[in-house]
Each structure stands twice: as C-alpha cells, then as structure tokens.
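So you know, we letter chains A, B, ... as the sequences are listed, proteins then strands, and number each from 1. For the numbers below, each heavy atom of this structure counts, side chains included, while hydrogens, waters and symmetry mates do not.
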Amino acid sequence: MYQTWNSRKQLFTSHYHKIPPAIRNSLQWTQNCTTPISQPFQPKGPSILATNLIKSYFEIGLIREAHTLFDEMPERDVVAWTAMIAGYTSCNYYTRAWSLFCEMMRECPDHPNDFTLSSSLKACKGMKSLSCGTLVHGLAIKDGMDGRLYVDNALLDMYAMCSVSMDEACMVFHNITVKNAVSWTTLITGYTHRGDGYGGLQVFKQMLSEEAEQNPFSFSIAVRACASVGSYTYGKQIHAAVTKHGFESNIPVMNSILDMYCRCGCFCEAKQYFYSMPGRDLITWNTLIAGYEKFNPDESLYLFSKMESQGFSPNCFTFTSIIAACAQLAVLSCGQQVHGGIVQRGLVGNLALSNSLIDMYAKCGNIIDSHKIFCEMSSRDLVSWTSMMIGYGTHGYGKEAVELFDEMVRSSIRPDQIVFMAVLSACSHAGLLDEGLRYFKSMVGDYSVAPNQEIYGCVVDLLGRAGKVKEAYELILSMPSKPDESVWGAFLGACKAHGLPNFGKMAARSLLDLRPNMSGTYVMLSNIYAADGRWGDFAKMRKLMRGLGNKKEAGRSWVEVRNQVSSFFVGDEVGLHMEWVYGVLEMVNQHMQEAGYVPDLDCLIHDLEDGT
DNA sequence: TAGCGGACGC
C-alpha cells in the first residue's frame, strides 16, 4: 500500500512541474493542497488529482502528456477513462476517443456511466459514424442510461448529424420527458446544419410557444437558421428578440447576427452592425471577412489588414476566406504572400486551407503550384480532389483530370454530384467525348448519383463541343424535369459553335422564356444569324435588344503586371497602366500566333458593335 | 474528479 502511494506521489510531482505556472494556479486540485508541492505530500485521492490533471493537459493541448499520465496511472477508474475519451473528443481526435472507449469496455472493471456515454457519443458524431452511435445507444438502453438528459441530448445530436434523416433525432427528442435548452438547440442545429433552415425555425417557433427557457445558444442558432434560408425578415425579428431578452452584448450571438446580415446580402447593415458592436473577437472578424469574400473580395483583403493592425492574429478560418478572395481576384502575388503567412504560422497541414490553396493557385493560372499543394497533402477529402480536378479542367488538362478521378475512386472516396460535374466539365473542355459519356453512365449506374440540371448542362456542353448537337438535343428531350437555363445555355453555345440557326433559335426562345431580359441570349442568337448570313434576322434581334433597354454588360478582363492589377475592356484607352496592359496583350498575341491560333473574327461582329 | 448545444471552403 505504502509503495503504491509513494509511486503515485512521484508520478504527480513529476507531472506537476511540467505545467506552466499560470495553468498550475488554476488547477482545481491545487486548491485542495494547502501545502506547496515541495512540502511533505498529503495524498487526498490521487486518482482524482490525476484525472483533473489529465483534463487540464487536454485543455492546454498537451495531448501526449495526458496520455502518458493516463498510461502511468496504476489504477484507472471510469472517471479517468471518461476524462480521456472527453479530452480526445474536445481536441477533435474522435477515432482515438472511440478506440479508448472500446478499450475501456474490455479493460475497465467499471461499467460506462452516463458521463462516458455522452462523451463517446460526441466522438461518434465527430466520426460521423451512425453504426458506432447506434451501438452506444444500444448500450445505453441495456444499462438503463437512456432517459438521462445528457445521454439523450448527446444521442439526439449524434442522430441529427449522422443519420440520413431527422427521424431518429426527432424520436429521441420526443421521448425526452423534461427537455432543457440544450435539447431544443440541438434539434434546431440538426435541421439547420443539414440545410433545412425552415425546419430549424419551425422548432424554434415551437420552443417559443412552449415557453422553453431561452439562452444565447438558442438565439444564436435561430439566427443561423435565418441566415441559411437567407430570410432577412425573420432575421430582423429574431435580432429584435435578442435585444428584448438582453443577449445583445453576447459576442457569439452578435457574430451570428453579423453572419445573417452578410448571408442575406445586406452588407451596409452588416458593416454598420460590425462597427456598433461593443466587443469583437476573432470570429467577428472572420465572419465579416468571409461575408465579403464573394460579394467584394477587395474589401475582404482590406478588413484582413485592418484586423491584423488591431492585434488579432488570423487563424485557418481567416486564411481560408482570404485565400478564396485572392482566388476570386486572381491576384497571384497577393495569394503567394498570404501563403507565406500560412507557412509562418504553422498552419500548413490544415485540410480546408490546403483545399483553398489548390483552388487559388489554379484560378491564378499557376496549376503547377496547385498540383504541388495537392501532392504534399497528408490527407485529402472530396473537396481536395474536386478542387484539383476543376483546376485541371479549366487549364485544359482533361486527361489529367480523368486520371485523377480514377485515382480518387481507387483511394475509396465516393464521388458526389460536384466531382462528377468537375470531371465532365474537364472532359468537355478537352474534347474527351467517350470518357465523359462513360462517366455520365457510371454516375447513374455505379454510384446512383442522380444528375442535376448542371450535370445535364455539362453533358450537353460535352456533346455540343464534340459536334453531336442532335444527340445533345435528344438528351435534353429525355430529361426527367424541365431543362433550366444552364442546359439551354450550353445548347445555345453548341448551336453558335456549329452555326445552326434553327436549333439556336429554339434554344434562345427557351432561354428567354426562363429569363426574358437576358441581353446575352440576343447577342448569341444574332451572332448565329450573322455567321449564317441571315442579316434580316440579325437586324430583328438588334431591334429587340434595343427595345429591352438594357445593354449586355461589357466583358472585362484583367492582368497582373508588376504587382498591379489592371482591369480593361475592348478598345479601352483610359484605364490605369494601359501601356503595361497593351504590352502584355501584344506578348499573348505573339504566343498565340506562334502556336498557330487563327482567331474567328466573324462571331465578333455584334460584340464589337456593342463595345463588348 | 469526467459529459450535451453557437463561425469557414469546391
């Protein structure tokens, strides 16, 4: 007995000195120890101390130390095992947490209790493993642990996140006799995170009508639900309710409101709200930067520099948005600088960040660096493969995209609609007709992925570019739903490329039925008529366009010369640094001529007349 | 002594 105490004392003393003083002072167990550690040691339940220490190690990210301490513990009770499972889960090491749970089931003499089950359910949720979660559910029923609120809430969360529908989650929710705020917010989150914001709002409404206790979490997720459906009206109402309940100074709630204004496209209101906020954290900045990324990427970059000047250090979320902003603007040198910042901060292994870097380099015209990032990734998800395939496709590397798709399937990643769209588009641009059609067939036959409008658009484009306009038309006729503008747009493009005015007229009519004021459609059709020498029809189109009153917006291009981005349009004489722009264009022209390119000037008649 | 809910990307 003495020996055991002595070894425990040594163990704690050795670990105690590894903890930074600031953390050491905050440890709960030091409050019980009135004597300093150098004084004769008074053991007061060392297992409790070790468990507390494990928890503290996880809190400060010392995962290895936590595990070493756990390994060194002579006796490990259910609380110590649970602290380990919860610790790994809190650091996003879900698989590790699950293995520990399985190990505990084999080795620990104690039964898992409600603490253990709720922690391991969180790990199942993290792994997105319905089968593991269902296993824990079975265990909970067997041990009479279902009915404990924490277990039920964790079960509800697991089913909401892992199951294909919300049915199981709703069943668990309805069986909770005394629901708390967590039960409600978990259900609302479940609906919202799977894209059913209206479902989430419906539950929130019910929560209000049943006069359930409201807290900042419930408001935060309700505002998120409004944001996901883009409902400014509901968002405004909930914003008013937030103020009424006195949560207007809660930073996470304010962040959700800010996000809602951005997602509803109300950027003036978002900015005004941002500057009126009594307190901001990193998430506040990240929310606004992410909000502006698509709408106004320049503003995103400006906010990024302002954020840094105010002492906030960017994290992987910030960089993901900033890299996307650089990709949108196609500013390579800026993207490279931000990439340097990522390396400097040791964020290189972050998956989402690497994915956005692949996309950025490809969009900035540097497919080699894009590929380099892809190759250096230690793990890849579907987005990584998709981004690389899109990059290859837009650069005309159809064969590489096809090879990548096959490699992805070999590495057991199941393709989705988006990745099929990427590979089909790559085939289309590289003229790989047979491969493209094979993927289209395999998508439905082998993977049961239903083609959406955009995929039909890709296949119509694939057939059209290969000159199979009749087959493209037959495909449109065979579609189970009414073709949308992406399908007819692709077909009209094919008609223009192959000079087929009658088909073109039909495609343009269908497009104009869907979007009557699209001047681009008139331009396209008039060009088809012009190429066919049908000047009467050409003139009719021009007249119709004038009647519309809206001109097709002039297409703008931009080049980056000496770290300066210059935007210009056809015949532009007044833009900034035009001498640089024309210098670069002359160079491009020479390259094209050397490569044997002969421009098709016929189709430009109307565009030039229109200044587009 | 240990546990459940709020921000990003193609």
Worksheet entry | Ring geometry between A/Y261 and A/Y232 (parallel below 30°, tilted from 30 to 60°, perpendicular above 60°) | tilted

Practice prompt. Taking the side chain as every heavy atom from C-beta outward, state whether A/R224 and A/T189 have any atom pair closer than 4.5 Å.
Written response: no

Worksheet item: Only one of A/I358, A/N355, A/L357 clears side chain to side chain contact (heavy atoms under 4.5 Å, CB included) with A/F374; which?
Response: A/I358

Fill in: Aromatic ring pairing A/Y392/A/H371, orientation class (parallel under 30°, perpendicular over 60°, tilted between)
tilted

Item to complete: Kindly indicate whether the side chain of A/N180 and the base of B/dG5 share any N or O donor-acceptor pair separated by less than 3.5 Å?
Response: no

Worksheet item: A/W285 vs A/F312 aromatic rings, parallel, tilted or perpendicular, using cut-offs 30° and 60°?
Response: tilted

Practice prompt. Can you figure out which of B/dG6, B/dC10, B/dG3 approaches the side chain of A/D359 most closely?
Written response: B/dC10

Worksheet item: For A/I221 and B/dG5, what is the distance between atoms CD1 and P respectively, to the nearest whole Å?
Response: 12 Å

Worksheet item: Just how far, in rounded Å, is C1' of B/dG5 from CZ of A/F247?
Response: 14 Å

Worksheet entry | Between P of B/dG6 and NE2 of A/H245, the distance in whole Å | 20 Å

Worksheet item: Between B/dG6, B/dC10, B/dA2, which nucleotide gets closest to the side-chain atoms of A/H193?
Response: B/dG6

Discussion item. Does A/D281 reach a base, just sugar-phosphate, or nothing at all? Heavy atoms under 4.0 Å.
Written reply: nothing

Practice prompt. Counting heavy atoms from C-beta on, name the nucleotide in B/dA7, B/dC10, B/dA2 closest to the side chain of A/F115.
Written response: B/dA2

Worksheet item: Does any donor atom in the side chain of A/N286 or A/T318 lie under 3.5 Å from an acceptor atom in the other side chain?
Response: yes

Worksheet item: Between the side-chain atoms of A/N215 and the base atoms of B/dG5, is any donor-acceptor pair under 3.5 Å?
Response: yes

Worksheet entry | Out of B/dG5, B/dG6, B/dT1, whichever nucleotide has its closest atom nearest the side chain of A/I48 | B/dT1

Fill in: Close residues, residues 283-295 of chain A, relative to DNA chain B [heavy-atom separation under 4.0 Å]
A/I283, A/N286, A/K294

Worksheet item: Nearest 0.5 Å, what's the CG-OH distance between A/L288 and A/Y273?
Response: 12.0 Å

Discussion item. So A/S356, base contact, sugar-phosphate only, or nothing? Heavy-atom distance under 4.0 Å.
Written reply: nothing

Discussion item. How many whole angstroms separate atom CD of A/E59 from atom C1' of B/dG3?
Written reply: 13 Å

Practice prompt. Among A/Y94, A/F70, A/F58, find the residue that satisfies the ring-ring contact (aromatic ring centres under 6.0 Å, His included) test when tested with A/Y88.
Written response: A/F58

Practice prompt. May I have the distance from A/Y94 (atom OH) to B/dG3 (atom P), rounded to whole angstrom?
Written response: 15 Å

Discussion item. Is there, by distance only and without an angle test, a donor paired with an acceptor across the side chain of A/N52 and the base of B/dA2 below 3.5 Å?
Written reply: no

Worksheet item: Taking N and O atoms by type only, does the side chain of A/S118 place a donor or acceptor under 3.5 Å from a partner on the base of B/dG3?
Response: yes

Worksheet item: Roughly, in whole Å, what's the span from CZ in A/R380 to P in B/dC10?
Response: 20 Å

Worksheet item: What class does the angle between the rings of A/F247 and A/F219 fall in, given that below 30° is parallel, 30 to 60° is tilted and above 60° is perpendicular?
Response: tilted

Item to complete: Give the nucleotide from the list B/dA7, B/dC10, B/dG5 with an atom nearest to the side chain of A/A181.
Response: B/dG5

Discussion item. Students often get this wrong, so: under 4.0 angstrom with heavy atoms, is A/A86 touching a base, only sugar-phosphate, or nothing?
Written reply: sugar-phosphate

Discussion item. As a test of reading the structure: which of B/dA7, B/dC10, B/dT1 is closest to the side chain of A/D77, going by heavy atoms?
Written reply: B/dT1

Discussion item. Which nucleotide wins on minimum distance to the side chain of A/D114, given the candidates B/dG3, B/dC10, B/dG6?
Written reply: B/dG3

Discussion item. For a quick check of understanding: with a heavy-atom distance under 4.0 Å over all strands, which category does A/V223 fall into, base, sugar-phosphate or nothing?
Written reply: nothing

Discussion item. Using a heavy-atom cut-off of 4.0 Å across all strands, would you classify A/N355 as base, sugar-phosphate, or nothing?
Written reply: base

Worksheet item: What integer distance in Å separates A/K122:NZ from B/dG6:C1'?
Response: 12 Å

Item to complete: Measure the distance from CZ on A/R76 to P on B/dA2 and round it to the nearest whole Å.
Response: 19 Å

Item to complete: Return no unless some side-chain N or O of A/K363 is found under 4.0 Å from OP1 or OP2 of B/dC10.
Response: no

Fill in: Closest to the A/V253 side chain, choosing from B/dG5, B/dG6, B/dG9
B/dG6

Worksheet item: Of the nucleotides B/dA7, B/dC10, B/dG9, which has the atom closest to the A/N315 side chain?
Response: B/dA7

Discussion item. Need one value for A/A422: base, sugar-phosphate or nothing, where a base atom within 4.0 Å counts as base even if backbone is also close, heavy atoms only.
Written reply: nothing

Practice prompt. Could you work out which one of B/dC10, B/dC4, B/dA2 sits closest to the side chain of A/Y150?
Written response: B/dC4

Worksheet item: Base, sugar-phosphate alone, or nothing: which one does A/D152 contact when heavy atoms must sit under 4.0 Å apart?
Response: nothing

